[in-house]
Undergrad: 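Below you will find the structure I want to go over with you.
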Amino acid sequence: MLVPPIATAPRPVPGQLRRIGGATMGTVWSLLWVDPGRPDPRPLVEAALASVVQQMSAWEEGSDLCRFNRAPAGSWHALPGAFAMVLRAALAVAAATDGAFDPTLGRLVDLWGFGPNPPPWPAPPPAAALAAARGAAGWQRLRQDTEGRFLQPGGLAIDLNGIAKGHAVDRVAARLLDAGLTGFLLEIGGELRGEGVRPDGTPWWVALEGPPEAGAATELLVALHGLSVATSGDYRRGFSHGGRRYAHTLDPAEGVPLGASVAAVSVLAGDCLHADAWATALTVLGPEAGPAYAARHGLAARFLLRGPSGLAEVMSPALAAMLD
């Protein structure tokens, strides 16, 4: 089992478990918490999520992200604090992985039909359109000045789908802690955060996500006690054409969906923003470079890789060290 990061066994917490949930960011959220008799946290959760959507949604035309994407070439923009923080974190992961994680693929995402609008063709995009969208992307085009403003170089479209849900988990969790909720399990679209313990003193146990073909042999339970986990999987969104499936995660170098060799990558981290971004980056790095990178940089990651014999599980040394 995963060893919770605490020195002594936790004491049972008084109160009963309660659950609420809703829709956000094109997915659903849920909160399971130990009720200490405080007011219902739904308004707090929904307000925090609405703030993330207002700043970073590609689906809301009036969001700060969409306004930046429509801005004229050569214009500089002072972005809201949370948006700027998430964007800087995304750029840091992009730099650390030589672009395996790239927050500037918005036009490519739209072109492949994974954005807010369906593509104008029921098939992979034409080569000319693909080349134009690739030319507009590139994390190194997104510059900052000494005042912290960001440059719209022209045609660049930010897409934060690989990191915004993780940030939303962190933002909501912080609000819950500030409100006095010390024991809860929060999930937004498969990204999770566990704080404190259940009423019986046990941590929040969750099963790492896997593709539909995964069986009991690949099930892995982890305890979230002050930890977050995020999973990137090629089974979540995609379409089929000509006998091939096209998954929603794109290869920034080629501007096309990844192949099917990496079924899922789960990352455990101290915050969900980085767990989310690293899960995407390690998926893009692939079945060999991904595990090697995780081992080299001490990332706690679990890979489910497709091969001739079915799914194979690969754990990074940092994750293996957390297991008995």
Side-chain angles (χ1 to χ4, degrees), residues 2 4-60 62-65 79-86 89 160-161 163-207 209 221-231 268-277:
L2 187 69
I6 48 180
T8 59
R11 294 180 179 179
V13 177
Q16 63 181 16
L17 284 177
R18 295 183 60 191
R19 184 191 298 272
I20 55 174
T24 187
M25 304 171 70
T27 184
V28 295
W29 64 269
S30 68
L31 173 66
L32 182 64
W33 83 99
V34 182
D35 184 5
R38 296 178 183 271
D40 188 330
R42 179 181 291 276
L44 181 154
V45 173
E46 292 181 340
L49 292 173
S51 176
V52 175
V53 169
Q54 175 57 41
Q55 293 188 33
M56 297 172 235
S57 174
W59 273 256
E60 299 291 334
S63 72
D64 296 294
L65 181 146
L79 303 179
F83 184 7
M85 181 276 292
V86 172
L160 297 177
N161 282 336
I163 195 170
K165 279 194 302 179
H167 164 69
V169 170
D170 292 338
R171 189 179 185 91
V172 172
R175 295 288 298 274
L176 293 172
L177 290 169
D178 288 344
L181 297 185
T182 58
F184 59 84
L185 179 66
L186 171 68
E187 178 181 5
I188 302 177
E191 326 297 25
L192 299 103
R193 173 79 183 179
E195 285 286 351
V197 293
R198 300 169 66 94
D200 62 1
T202 60
W204 304 98
W205 290 96
V206 299
E209 189 179 323
L221 293 176
V222 296
L224 298 184
H225 179 79
L227 282 175
S228 295
V229 62
T231 298
L268 276 76
D271 65 272
C272 204
L273 178 149
H274 284 96
D276 199 3

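Scope of the values below: all heavy atoms of this structure, side chains included, with no hydrogens, waters or symmetry mates.
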Undergrad: Between Asp170 (side chain only) and Cys272 (backbone N and O only), is there a donor and an acceptor less than 3.5 Å apart?
TA: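 Indeed, once roles are kept as given, a pair shorter than 3.5 Å links the two residues.
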Undergrad: Using 0.5 Å steps for rounding, measure from the CG atom of Leu181 to the CD atom of Glu195.
TA: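 One gets 11.0 Å once the value is rounded to the nearest 0.5 Å.
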Undergrad: What side-chain hydrogen bond (donor to acceptor under 3.5 Å, both in side chains) pairs are there with at least one residue in residues 39-56, not counting sequence neighbours?
TA: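 Qualifying pairs, neighbours excluded: Arg42-Glu46, Ser51-Arg171.
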Undergrad: Can you tell me how far apart NE2 (His274) and CD1 (Ile163) are? Round to the nearest 0.5 Å.
TA: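 So the NE2 of His274 and the CD1 of Ile163 are separated by 6.5 Å.
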Undergrad: For a 4.5 angstrom cut-off between non-hydrogen side-chain atoms, does Leu17 reach Asp35?
TA: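 A side-chain contact is absent here, since even the closest heavy-atom pair is not under 4.5 Å.
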Undergrad: Write down the atom of Ala58, the atom of Leu65, and the distance for their closest heavy-atom approach.
TA: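 The pair with the smallest heavy-atom distance is CA-CD2, 4.0 Å.
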Undergrad: Determine, stepwise, if the pair Trp204 / Leu32 fulfils side-chain contact (heavy atoms from CB on, under 4.5 Å).
TA: CA-CA 10 Å; Trp204 304 98; Leu32 182 64; 3.7 Å; yes
Undergrad: Nearest 0.5 angstrom please: Leu186 CG to Leu192 CG, how far?
TA: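 Leu186 atom CG to Leu192 atom CG measures 7.5 Å (nearest 0.5 Å).
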Undergrad: Working to the nearest 0.5 angstrom, can you tell me the gap between Glu187 CD and Leu185 CG?
TA: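 These two atoms lie 7.5 Å from each other.
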Undergrad: What are the two closest heavy atoms between Val172 and Ala48, and how far apart are they?
TA: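 Heavy atoms only, the tightest pair is CG2-CB, 3.9 Å.
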Undergrad: Looking at OG1 of Thr182 and CG of Leu176, how far apart are the two atoms once the value is rounded to the nearest 0.5 Å?
TA: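 That separation rounds to 10.5 Å.
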Undergrad: If you look at every heavy atom in Ala179 and Leu44, which pair is closest and at what distance?
TA: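 Shortest heavy-atom separation between Ala179 and Leu44 comes out as CB-CD1, 3.6 Å.
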Undergrad: Would you compute the distance between atom CZ of Arg193 and atom CG of Leu273 and round it to the nearest 0.5 angstrom?
TA: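 It is 12.0 Å, given to the nearest 0.5 Å.
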Undergrad: So Val197 and His225, side-chain contact (heavy atoms from CB on, under 4.5 Å) or not? Walk me through it.
TA: CA-CA 7 Å; Val197 293; His225 179 79; 3.6 Å; yes
Undergrad: The test is side-chain contact (heavy atoms from CB on, under 4.5 Å); show your working for Ile20 and Trp33 and say whether it passes.
TA: CA-CA 9 Å; Ile20 55 174; Trp33 83 99; 3.7 Å; yes
Undergrad: side-chain contact (heavy atoms from CB on, under 4.5 Å), that's the test. Do Phe184 and Leu177 meet it? Break it down for me.
TA: CA-CA 9 Å; Phe184 59 84; Leu177 290 169; 3.9 Å; yes
Undergrad: Can you check whether Thr231's main-chain N or O pairs, donor with acceptor, with Glu191's side chain at less than 3.5 Å?
TA: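 Yes: the side chain of Glu191 pairs with the backbone of Thr231.
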Undergrad: Looking at every non-hydrogen atom in both residues, tell me the closest pair between Met25 and Ala168 and how far apart they are.
TA: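 Scanning both residues, the minimum pair turns out to be SD-CB, 4.0 Å.
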Undergrad: Which heavy-atom pair separates Ala275 from Ser228 by the least distance, and what is that distance?
TA: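 Ala275 and Ser228 have their closest heavy atoms at CB-O, 4.5 Å.
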Undergrad: If you look at every heavy atom in Lys165 and Ile188, which pair is closest and at what distance?
TA: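 Between these two residues, the closest heavy atoms are CD-O, 3.9 Å.
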